[in-house]
Structure formats: C-alpha cells, structure tokens
Student: 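Okay, handing you the structure first.
Here the structure is a predicted model, which means the values were calculated and not measured.
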Amino acid sequence: RILFSDGVSTLVDFKPFLTKSLHPTIQKYLREDYFSDFQIIDGNLNWHDYDLIFPIWDLYNGKLES
C-alpha cells in the first residue's frame, strides 16, 4: 500500500511484474529482503541506485507494465 501526498492510498501488487520478468536483475527483487530495501527519491520509489524504479503515475494508478 502506498500513501501519496494528496491523501490517495493505492495498493500496488509488484509480484506479477517481478515474476513475469526473466531478467536476473529484476528477478532478485522477488526476495523480500532485497525488495524491502528501497528509498524515496524525488517522490519515486527507488531500489539500489536506480536499479529498479517505476513511474510514479503507474504507482498512483496501481498498475505496472511489464
């Protein structure tokens, strides 16, 4: 669940995106310890110095594209 500054709360399911990907760089985020290690930078969820990042609009709408 992500709470945005305008009060909107959206549930984003990252698992389908992560499981569809065959790339090892993405697959490693299926490990909960690795996935939970993120930062918020410029309003975006950012994992490991831009190793994984999603457009904020997609997160706001609760939809991820593969």
Side-chain angles (χ1 to χ4, degrees):
R1 184 159 301 278
I2 302 172
L3 177 62
F4 294 90
S5 62
D6 64 358
V8 170
S9 177
T10 303
L11 181 62
V12 180
D13 185 2
F14 291 89
K15 193 166 187 174
F17 173 85
L18 297 173
T19 56
K20 277 186 195 177
S21 177
L22 300 176
H23 198 283
T25 300
I26 303 298
Q27 285 282 305
K28 67 186 173 191
Y29 288 97
L30 287 168
R31 287 184 21 218
E32 189 174 334
D33 63 322
Y34 211 72
F35 183 79
S36 64
D37 185 26
F38 67 90
Q39 296 178 308
I40 299 174
I41 299 176
D42 296 327
N44 295 303
L45 293 179
N46 179 332
W47 287 264
H48 303 107
D49 197 27
Y50 299 95
D51 187 39
L52 182 66
I53 190 168
F54 295 95
I56 197 69
W57 184 249
D58 290 348
L59 298 175
Y60 189 87
N61 289 307
K63 296 181 181 178
L64 302 177
E65 298 295 325
S66 54

Student: Nearest 0.5 Å, please: how far is CZ in Phe4 from CG in Leu59?
Tutor: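 Result: 5.5 Å between the selected atoms.
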Student: If you group Ile, Leu, Val, Met, Phe, Trp and Tyr by side-chain heavy-atom gaps below 4.5 Å, do Ile40 and Ile2 land in one group?
Tutor: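 Yes; Ile2 is reachable from Ile40 via cluster members.
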Student: Taking all non-hydrogen atoms of both residues, which atom of Ile26 and which atom of Ser21 are closest, and how far apart?
Tutor: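 The pair with the smallest heavy-atom distance is CB-OG, 3.2 Å.
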Student: Decide yes or no on side-chain contact (heavy atoms from CB on, under 4.5 Å) for Lys15 and Phe35, but give the supporting numbers first.
Tutor: CA-CA 10 Å; Lys15 193 166 187 174; Phe35 183 79; over 6 Å; no
Student: Kindly state each residue pair satisfying salt bridge (charged side-chain N to carboxylate O under 4.0 Å, His left out) with at least one member in residues 40-50, sequence neighbours excluded.
Tutor: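 Those involving residues 40-50 do not exist here.
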Student: Please name all residues satisfying ring pair (Phe, Tyr, Trp, His ring centres under 6.0 Å) with Phe38, sequence neighbours left out, ordered by chain then number.
Tutor: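 By the ring pair (Phe, Tyr, Trp, His ring centres under 6.0 Å) rule, Phe38 matches Trp47.
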Student: By the side chain to side chain donor-acceptor pair (under 3.5 Å) test, which pairs, at least two apart or in different chains, include something from residues 52-62?
Tutor: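 Of all non-adjacent pairs touching residues 52-62, those that pass side chain to side chain donor-acceptor pair (under 3.5 Å) are Asp6-Tyr60.
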Student: Taking the hydrophobic residues Ile, Leu, Val, Met, Phe, Trp and Tyr, and joining any pair whose side-chain heavy atoms are under 4.5 Å apart, which ones share a cluster with Ile41?
Tutor: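 Ile41 clusters with Tyr50, Ile53.
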Student: If you compare all heavy atoms of Val12 against all heavy atoms of Gly62, which two are closest, and at what distance to 0.1 Å?
Tutor: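 Taking Val12 first and Gly62 second, the nearest heavy atoms are CG2-CA, 3.9 Å.
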Student: Please identify each residue that fulfils side-chain hydrogen bond (donor to acceptor under 3.5 Å, both in side chains) with Thr25, with sequence neighbours left out.
Tutor: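 Listed in chain order: His23.
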Student: Enumerate the salt bridge (charged side-chain N to carboxylate O under 4.0 Å, His left out) contacts for residues 25-38, please, sequence neighbours excluded, ordered by first and then second residue.
Tutor: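 Checked against salt bridge (charged side-chain N to carboxylate O under 4.0 Å, His left out) - neighbours excluded - the pairs reaching residues 25-38 are Lys28-Asp51, Arg31-Asp33.
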Student: Please check if atom CG in Leu11 has more than 12 non-hydrogen atoms from other residues, nucleotides or ligands closer than 6.0 Å.
Tutor: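 Yes, enclosed.
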Student: First locate atom CZ of Phe54, then atom CZ of Phe14, and finally report the distance between them rounded to the nearest 0.5 Å.
Tutor: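 Atom-to-atom, Phe54:CZ and Phe14:CZ are 5.5 Å apart.
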